[in-house]
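Take a look at the structure below.
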Amino acid sequence: MNIFIPIIIIGVLLVITLILILADRLLGATGEKILNINNEQQIQIRGETTVLDALSAQKIFVPSACGGKANCGLCKVKINKGAGDIRPTEEPWLTEADREQNVRLSCQIKVRGEVDVEIPESMLSAEEYKTKVVHTEDLTHDIKLVRFKLIDPPTMDFKPGQYCQIEVPGIEDIRAYSIASDAKKNDELEFIIRYVPKGMATTFIHKAMQSGDTIKLTGPYGDFYLRDTDKPAVFIAGGSGKAPIRSILFQLRDQGFPKKVRYFFGARSKKDLYYTEEMRALEKEFDNFEYIPALSHPEPEDNWEGETGLITDVLDRMTGDLSGHEAYLCGSPGMLDACIEVLKKHDIPEEEVYFDKFA
Ligand SMILES: Cc1cc2nc3c(=O)[nH]c(=O)nc-3n(C[C@H](O)[C@H](O)[C@H](O)COP(=O)(O)OP(=O)(O)OC[C@H]3O[C@@H](n4cnc5c(N)ncnc54)[C@H](O)[C@@H]3O)c2cc1C
Ligand code: FES
C-alpha cells in the first residue's frame, strides 16, 4: 500500500502544475494587457510580447544588440509596475542602483496584466532611418570606415559620442556602432568597424556590404558625450574605440579646443594605427591637444620611436595627479576596466569618468 503514496503525490502535483499552466495560458491569451508609457500613453497589447518588442512596435527604439537574448544588457528601462521578480537571465546585468530604481532588461519582461514603463527623453528621440552605403574604406587590415547617406528621414541630430544600431540585412540582427563623423554633417554618418572573426554583423559589413546597399539603422543612443566643462580631459581608446572620440574631437575643433586634452590610443603594432595624420594635424593646430599613440607589440620593421607598452602602463607612466580632470574612455570592456583602475590610482574622481564599453 505504502508504495502507492509517492505515486499519488506525484500525480496530484502533476495535475496541479497542468492546471496552473493552463490558467496562465488562458489568462495570458484573454486577460487584458496594458503597457503604460511614461504615464502618458496607454497601449493595449495582444498576444505574447516582451516590453522591448511592444515598445519597438510603437516606434520607441530601446537599444538592444543581442536580439533579446539577455546577452548585451543594453535594453534597460525602468519598469515601475508589473515586471514580476528579477529573472535569472537579468541577474548579471543589474547593478545595485538599477535594482533600487526598478531598472530591468526590457527584452526579458513579458507584458502580462498592466505594466508601467518609464522611458527617458533621450530614448524617445531615437528614430528608424533608411540609409544607403556610399563609401567603404580599409583603415587597417581589420578596421573599415563605412559612410551611410541618410535617405528617410534625411538628417539625424546627434551628440558627438553617441551610437546607432545597425540592422544586418537578411538576419535582421542588430549591433551597436558609435558614430565617428562630424555632427555638423548630419545627412551622412560614418562608422569605424573592426572585423570580429566569425562575427555576424562584422562579417557582413567587411565581406558582403557594398556601396549602394540599403541599410536600416536606429539612433541616436547613449550618454557618452562631452560634458560642458572647462576641466582638462584624458581620452583613452583602443582599436575601433577611436570612433566616438573622433566625433568628439571634431566638436572640440569647431569650438577652438577650449580645454586641454591628452589622448592615449592603444594598438598592438604599427599596422593597427590609423588616422594618425588627422590627429597630428589637430595637434599642430591646437596647443591644447596632445595625441599619444602607444604600441604594445611593435614589430622590428615598424622602427617605432613612440611610446611602447600596454596602454595602462603608458597611462600610468605619463600621468601625474588627475584630480580636477575628467576622462572619456572607449574600447573593449577588459581594456576599459584596467584603465579605470589606473585613473583611480591617479585620483580622478569616479563620477568624472565617462565610458562606452564595446561589449
Ligand atoms: C555602445 C556600443 C558601441 C559600439 N561601437 C562600436 C564601434 O564603433 N565599432 C566597432 O567595431 N564595434 C562597436 N561595438 C561592438 C559591436 O556592437 C559588436 O559587438 C561587434 O562589432 C561584434 O559584432 P558581430 O556581430 O560581428 O559579432 P557577434 O556575432 O556578436 O560575436 C561573435 C563572437 O565574437 C565575440 N565578440 C563580439 N564582439 C567582440 C569584440 N569586439 N572583440 C572580440 N570578440 C568579440 C562574441 O563573444 C562572439 O563569441 C559597440 C558596442 C556597443 C555596446
Ligand atoms: S536586448 Fe540584449 S539584453 Fe536585452
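First listed ligand is number 1; within each ligand, the first listed atom is number 1.
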Check whether any side-chain heavy atom of [X] lies under 4.5 Å from a side-chain heavy atom of [Y], and answer yes or no.
{"X": "Y195", "Y": "I193", "value": "no"}
{"X": "Y225", "Y": "P160", "value": "no"}
{"X": "I166", "Y": "R175", "value": "no"}

Original post:
Counting no waters, what protein N/O/S atoms lie under 2.8 Å from atom 2 (Fe) of ligand 2?
Top reply: C66 SG, C72 SG
Original post:
Given that the side chain starts at C-beta and the backbone is N, CA, C, O, which of these parts of I192 lies under 4.0 Å from ligand 1, counting heavy atoms, or is it both or neither?
Top reply: backbone
Subject >> Among E290, E307, E326, the one residue meeting salt bridge (charged side-chain N to carboxylate O under 4.0 Å, His left out) with R262 >> reply: E290
Check whether any N or O atom of [X], backbone or side chain, sits under 3.5 Å from an N or O atom of ligand 1, and answer yes or no.
{"X": "K357", "value": "no"}
{"X": "I193", "value": "no"}
{"X": "S240", "value": "yes"}
{"X": "D356", "value": "no"}

Could you tell me whether [X] and [Y] have a side-chain N and a carboxylate O separated by less than 4.0 Å?
{"X": "K357", "Y": "D337", "value": "yes"}
{"X": "K185", "Y": "D187", "value": "yes"}
{"X": "E114", "Y": "K81", "value": "yes"}

Give me the residue, atom name and distance of the protein heavy atom closest to [atom].
{"atom": "atom 8 (O) of ligand 1", "value": "S178 N, 3.1 Å"}
{"atom": "atom 41 (N) of ligand 1", "value": "R194 NH2, 3.8 Å"}
{"atom": "atom 26 (O) of ligand 1", "value": "T202 OG1, 2.6 Å"}
{"atom": "atom 14 (N) of ligand 1", "value": "A176 O, 3.3 Å"}
{"atom": "atom 35 (C) of ligand 1", "value": "V196 CG1, 4.2 Å"}
{"atom": "atom 18 (C) of ligand 1", "value": "Y177 OH, 3.8 Å"}
{"atom": "atom 7 (C) of ligand 1", "value": "F358 CE2, 3.3 Å"}
{"atom": "atom 29 (O) of ligand 1", "value": "M200 N, 2.8 Å"}

**OP:** Identify which one of D116, I60, V77, V51 satisfies the side-chain contact (heavy atoms from CB on, under 4.5 Å) criterion when paired with I37.
**Re:** I60
Subject >> Passing candidate, side-chain contact (heavy atoms from CB on, under 4.5 Å) with I236, options V342, L315, L336, I292 >> reply: L315
Subject >> Axial cation check for Y354 ring with R227, 6.0 Å and 45° limits >> reply: yes
Original post:
Within 45° of the ring axis of Y274 and under 6.0 Å from its six-membered ring centre, is that where the NZ or CZ of K242 lies?
Top reply: yes
Subject >> Contact bool for atom 24 (P) of ligand 1 (protein heavy atom, d < 4.0 Å) >> reply: yes
Original post:
Quick one: does atom 47 (O) of ligand 1 have a protein heavy atom under 4.0 Å from it?
Top reply: no
**OP:** Go through ligand 1 atom by atom and flag the ones less than 4.0 Å from a non-hydrogen atom of G199.
**Re:** 24 (P), 25 (O), 26 (O), 27 (O), 28 (P), 29 (O), 32 (C)
**OP:** Identify, by atom number and element, the atoms of ligand 1 in contact range of A243, meaning under 4.0 Å from any of its heavy atoms.
**Re:** 8 (O)
Original post:
Mind checking whether Y328 and F235 have parallel, tilted or perpendicular rings, split at 30° and 60°?
Top reply: perpendicular
**OP:** For the pair F265 and Y263, name the ring-plane relationship: parallel under 30°, tilted 30 to 60°, perpendicular over 60°.
**Re:** perpendicular
Original post:
Does ligand 1 have an atom under 4.0 Å from some heavy atom of Y163?
Top reply: yes
**OP:** Pick out which of N36, N80, N39 makes a side-chain hydrogen bond (donor to acceptor under 3.5 Å, both in side chains) with E118.
**Re:** N80
**OP:** Determine, step by step, whether L55 and Q58 satisfy the side chain to side chain contact (heavy atoms under 4.5 Å, CB included) criterion, reporting the C-alpha distance in whole Å, the side-chain angles of both residues, the deciding distance to 0.1 Å, and the verdict.
**Re:** CA-CA 5 Å; L55 289 169; Q58 298 303 313; 5.7 Å; no
